[in-house]
Number of protein chains: 2
Amino acid sequence: MITTRRMLLDTAGALLERQGYHATGVNQILSVSGLQRGSLYHHFPGGKEELAVAAILDRARRSERFIERHLGAVGDPADAVQALVEALADRVAHDADGASPPFAAVTLEAGPGLERLRDACRHAYTGIRACFEAKLVASAHEPARAASLAAVITAAIDGAFVLCRVDGDASPLRQVAKELAVLLRRPPPGGATAARAAPVGTDV
Amino acid sequence: MITTRRMLLDTAGALLERQGYHATGVNQILSVSGLQRGSLYHHFPGGKEELAVAAILDRARRSERFIERHLGAVGDPADAVQALVEALADRVAHDADGASPPFAAVTLEAGPGLERLRDACRHAYTGIRACFEAKLVASAHEPARAASLAAVITAAIDGAFVLCRVDGDASPLRQVAKELAVLLRRPPPGGATAARAAPVGTDV
DNA sequence: TTGCGCCTGGACCGAACGGTCCATATGCTT
DNA sequence: AAGCATATGGACCGTTCGGTCCAGGCGCAA
């Protein structure tokens with residue numbers, strides 16, 4: 001049955017995102033999903049870690065599609081990133097418990113003995129950075145600078161999720177949305193490109 | 001004995017930073033520190049959570065002092081933040097396993113039932129943001145913008161630590177150092193304030 | 001209908017978890 | 001030297017952990 005596997009991936013993914021790997025027990029995954037141990041170990045013979053890896057990779061794919069869709073909808077990269085992060089903030093505002101960076105907790109917990117999980121997280125972060133990088137390169141940024149900006153965007157969003165969690169409030173994400181837009185509108189320090197700075201600004 | 005308490009705080013703090021709360025067992029804290037259960041529960045009758053809270057608060061104080069020292073040593077806030085983040089990158093480069101945001105993992109894991117821990121994390125993040133905010137306000141930034149920039153700085157550093165972990169490399173922090181400096185040198189979007197570089201006094 | 005896959009329910013397991021308890025040091029006060 | 005609070009070593013406890021196992025349920029092909 002496909003729906004059982006899907007249920008496991010979604011449940012495990014949501015719990016991993018919110019709580020991390022060690023705080024998420026197999027029993028919790030089962031009780032939340034309403035399934036039984038036999039099903040889990042049938043679909044994921046490798047147990048908890050195999051399920052976690054599959055759930056992370058699944059959510060990584062979804063995250064990339066989400067980002068690509070948003071970045072593709074707006075031409076200017078500064079506006080596009082701002083809109084994307086505002087959308088994440090809206091999501092946090094509706095569902096306060098959803099204030100979680102998708103992979104940070106699991107990444108930080110994946111120590112020795114969980115190499116597969118670590119690889120999955122690396123894959124996720126690499127893909128996400130690549131989405132931003134592609135958008136920036138397509139908007140005439142130099143490749144090295146695009147990579148640098150993509151890392152900052154990814155890092156700031158992740159960190160903002162953490163701040164949203166401690167604040168119980170979406171404003172850190174909104175602050176990051178605004179400031180990333182400021183950063184992205186600035187011509188590179190080398191000054192090669194003429195100021196496309198534009199009078200756009202002034203939205204709060 | 002004070003050294004026993006100190007040993008527990010340092011050991012627990014380091015493990016919590018690297019692995020998070022649930023991945024860090026009481027047995028691990030004891031074996032790494034070379035102490036015994038009796039000592040731990042004597043100094044921290046509240047057990048694992050009380051020790052974790054104390055360790056987090058302890059490290060929060062140290063983090064604030066570290067940040068204040070670095071920000072106080074350089075007048076211009078952009079240069080100061082850049083130097084601070086470069087210093088963190090150097091630390092990561094030497095000690096690859098030290099690539100951990102100090103409080104992110106624990107923050108994300110602190111769900112229902114660990115409210116004290118969550119409060120400690122909130123306190124830590126609030127204090128760290130306040131350090132940056134104070135520096136920016138002292139450098140003639142408007143308060144609202146200073147708060148926004150402080151949140152972005154804090155978030156970007158945290159996220160960069162996560163990226164350093166997955167990359168096994170300090171370059172995300174170096175990229176963030178560079179880009180934060182770019183952002184901080186940029187006048188606010190409204191264009192009103194021309195942030196004249198601060199009086200070089202080592203305030204804070 | 002019978003047989004034969006895949007899938008699920010759920011009892012069961014050893015190990016590890018956090019926590020309790022107390023006998024015994026240790027060192028300070030008198 | 002005696003007495004006492006503080007601190008430590010370590011056995012022990014109940015619970016929960018992730019994981020195994022297998023008896024049946026189900027759907028489909030002959």
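Here the nucleotide nearest the side chain of B/N27, chosen from C/dC7, C/dG19, C/dC17, is C/dC17. Comparing C/dT20, D/dG18, C/dT8 by their closest approach to the side chain of A/T4 singles out C/dT8. Closest to the side chain of B/H42, out of D/dT6, C/dC7, D/dG18, is D/dT6.
Summarising the geometry, the separation between NE2 on A/H43 and P on C/dC6 is reported as 12 Å, rounded to the nearest angstrom. Summarising the geometry, the separation between CD on B/Q28 and P on C/dA15 is reported as 20 Å, rounded to the nearest angstrom. Atom OH of B/Y41 and atom C1' of C/dT20 are 9 Å apart (whole Å). Taking atom CG of residue A/L30 and atom P of nucleotide C/dT8, one finds them 12 Å apart after rounding to whole Å. Look at CD1 on B/I29: it is 15 Å from C1' on C/dA16, rounded to the nearest Å. Distance B/L51 CG to C/dG19 P: 10 Å, rounded to the nearest Å. Atom CG in A/L8 sits roughly 13 Å away from atom P in C/dC7 (whole-Å rounding).
A search for side chain to side chain donor-acceptor pair (under 3.5 Å) contacts involving B/T24 returns B/Q19, not counting sequence neighbours. Under the rule for a side chain to side chain donor-acceptor pair (under 3.5 Å), B/Q82 has no partner lying at least two apart in sequence or in another chain. Residues forming a side chain to side chain donor-acceptor pair (under 3.5 Å) with A/S33 (at least two apart in sequence, or on another chain): none. Taking B/R174 as the reference, B/E86, B/D90 meet the salt bridge (Lys or Arg N to Asp or Glu O under 4.0 Å) condition, with sequence neighbours excluded.
Using a 4.0 Å cut-off on heavy atoms, the residues of residues 31-40 of chain A that approach DNA chain C are A/Q36, A/R37, A/G38, A/S39, listed by number. Taking a 4.0 Å limit (strictly below) on heavy-atom distances, residues 18-25 of chain B reaches DNA chain C at B/T24, B/G25.
Taking OG1 from B/T4 and NE2 from B/H43, the interatomic distance works out to 4.5 Å, rounded to the nearest 0.5 Å.
At a threshold of 4.0 Å, the pair A/R62-A/D58 counts as salt-bridged, since one of the basic side-chain nitrogens sits closer than that to a carboxylate oxygen.
Put simply, the side chain of A/K135 never gets that close to the backbone of A/D76: no donor and acceptor are under 3.5 Å apart.
For A/R116, the CZ atom is loosely surrounded, since the number of other residues' heavy atoms within 6.0 Å does not exceed 12.
Two residues are said to be in side-chain contact when any heavy atoms from C-beta on lie closer than 4.5 Å; B/F161 and B/L88 meet this criterion.
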